[in-house]
Amino acid sequence: MNREVALEVKGLFKSFRLPNERVSGVKQAVINLLKGVKGYSRQQVLKDVSFKIYKGDFYGIVGRNGSGKSTLLKLISQIYVPDSGEITVNGTLVPFIELGVGFNPELTGRENVYLNGALLGFSTIEVDEMYEEIVEFAELEEFMEQKLKNYSSGMQVRLAFSIAIRAKSDILVLDEVLAVGDESFQRKCFKFFADARSSGKTVILVTHSMDQVQQFCNRVLLIDKGHKTVEGSAMEIAQIYKELNDDTANKNISNVENRNIKLDVKFENTGDKLKFDVRINSKTEIKDPVVVFTVYRSSGETAFRWATNEQADGEVIDLSEQNRLKVELKNILPDGEFKVQVAVRSRDKSTIYAMFSEVIQFEIVSKEITNGTSWKIPAKCEFK
Amino acid sequence: MMEMKKATEKYRYSMILLKELVKTDFKLRYQGSVLGMVWSVLKPIMMFAIMYVVFVHFLRFGADVPHFAVALLAGNVLWAFFTEATGRGMQSVMERGDLLRKINFPKYIVVISATVSALINLTINLTVVVIFAAINGVSFGWGVLLLPVFILQLYLLALGLAFLLSALYVKFRDVQHIWDVLLQGAFFATPIIFPITMIYYMSPIGAKIMLMSPVAQVIQDVRYHLIWQGTGTVWNMIENPFIRLIPVGVSIGAFVLGMVVFRKNSKRFAEEI
């Protein structure tokens, strides 16, 4: 895999000054200077984030609100300056941090197209040439001579999006833009992204919608509290994200430590039974962890999930050098590919000690001639 | 080669943006007003009318100066440009905060676009001054051709100050009030509503100090070349060639200082606004 790097982020740190009291006056600034008070505190937003995005990637950046993903995006777009660290962009990059940047409600739709186009680097002549197509894509032919303030919010977004996608850039940066517009317009957007990806453009999508990530992204970065938490395929991250958001949605992930845990899995498919024999070997003793065993379809859907004493009052187990988990499933799985994931985490879900995605991959092929993807639910059927 | 291409790309982008921002600015400024663009001509003339009635008609300022009414209008127009360019330039970065926070583009463009709008206004108004002068019986000499040089000097000064003020304004909102007061003071310390000779009769040294202000120097030079060759300027009132150059030096110095301060601070505008 010797693909060209489109964007590389190395050891990125970013903090913001938070003024303790509003210091936008000369008086306060002078007083602070005399007192030796800084007048602000620092908030560390990003801590040592590094990753690479390759050409043609559809790269997702997911995280909860306040995790630092938007800050990261603004750093990538060179709107903010990092405290330290490096961002190397190979090619041109146009961020749609927000659609319709510079849109002015007092101007007509047409005037706004030219203004917004200029912000994306298009001269008047260039906008002239693509004007018809923009209007057509936005489906706003009759409204272009009206002032933008008379547009509905959906119309504004449609117009903004139609201009934005004209941007000639090798890397597209999108911040939650998919969340807008009505259904038919969304479908249009989806199609655009699918086309962009197949034409080899690099797309960076920032979102907290796991559905979108799974639909589009081939690689995903999960970020939490300013840390790069994990990077992996959409599938893996979706699993982790789900795992962490499952029932205690307001718990935070603080870190994923890949502690010295080794996994050895044996798998046997006897036809009507699926047998898993998982040996977990932890160098250090881990007190009171939860071991989660998940079988999921390659589409990301969870087929089976089991966890050791997840309830707060459950039996406490400790993980040490020799642990063994045996799982025997009745094979009622439908045809298709399946993957197994084993995770070891703390009970409060704040820490993931180890995460093994795709430890086993197997395929179910039924001998009977059935509709290939249906679940083999035990049932009695009669036909008279 | 790569660097060159990048630089020209950046320059092209800046020009496109500048053009569009100036255009938008003009469209928006007079939107919803019945007379529209006419106001940019009407306003200074009306201001002039008031000043004329108060200072020339009643207070008899400049009674001994030929075409003083035209000189008053010219001074007024140039001062209005200086006020508008620095005032709007100062606020331009804050006003365009939404853009700065969301897209990466050369920040100086917003300041230049604000000052260029003022410059366009000045051009329109100077045309009015020329027409007014012609009606008043002023005979133009070849010196008129020098006017663009002085306008350029005044523009550089205003742009430099706008850079400086806008960078400060992001940090301290007080700047606006301080600048308003300074401008008001400077208005009376500049020979606009009164001829420089009036000060000269009271205190020759005072008149000379007054001419050290680049705005005063430019106003006097414009009057000299456009209206009346008897106007006192730095060039004919001050003997020392080095002191003569102070106003020009101040203009260039202000421009350079403004650029340096703006460059240094503009990287963090997006975070601080």
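Just so we're on the same page: letters track the sequence lines, and every chain starts at 1.
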Hey, does the side chain of A:Lys74 reach the backbone of B:Arg101 with a donor-acceptor pair shorter than 3.5 angstrom?
-> yes
From B:Lys23, B:Lys19, B:Glu20, residue fulfilling side-chain contact (heavy atoms from CB on, under 4.5 Å) relative to A:Tyr114 = B:Glu20
Roughly how far, to the nearest 0.5 Å, is CG of A:Leu115 from NZ of B:Lys27?
-> 8.0 Å
Got a sec, which residues hit salt bridge (charged side-chain N to carboxylate O under 4.0 Å, His left out) with B:Glu271, two or more places apart in sequence or on another chain?
-> A:Lys14, B:Arg268
When you look at CZ of B:Arg263, are more than 12 heavy atoms from neighbouring residues, nucleotides or ligands closer to it than 6.0 Å?
-> no
Would the number of heavy atoms belonging to other residues, nucleotides or ligands and lying under 6.0 Å from NZ of A:Lys10 be above 12?
-> no
So do A:Leu119 and B:Lys102 actually touch side chain to side chain, heavy atoms under 4.5 Å?
-> no
Atom OH of B:Tyr30 with >12 non-hydrogen neighbours under 6.0 angstrom = yes
At their closest point, which heavy atom of B:Tyr13 faces which heavy atom of A:Ala118, and how far apart are they?
-> CE1-O, 3.3 Å
When the 4.5 angstrom heavy-atom criterion is applied to B:Leu168 and chain A, the contacting part is neither
Applying a strict 4.5 Å limit to non-hydrogen atoms, the region of B:Leu28 in contact with chain A is side chain
Please confirm whether the backbone N or O of A:Gly121 pairs with a side-chain atom of B:Arg12, one donor and one acceptor, at under 3.5 Å?
-> yes
State whether the number of non-hydrogen atoms from other residues, nucleotides or ligands found under 6.0 Å of A:Glu86 atom CD is greater than 12.
-> no
Taking the side chain as every heavy atom from C-beta outward, state whether B:Ile16 and A:Ser123 have any atom pair closer than 4.5 Å.
-> yes
May I ask you to check whether over 12 heavy atoms, not counting those of A:Ile125, lie within 6.0 Å of atom CD1?
-> no
Taking atom CD of A:Glu145 as the centre, does the number of heavy atoms from other residues, nucleotides or ligands within less than 6.0 Å exceed 12?
-> yes
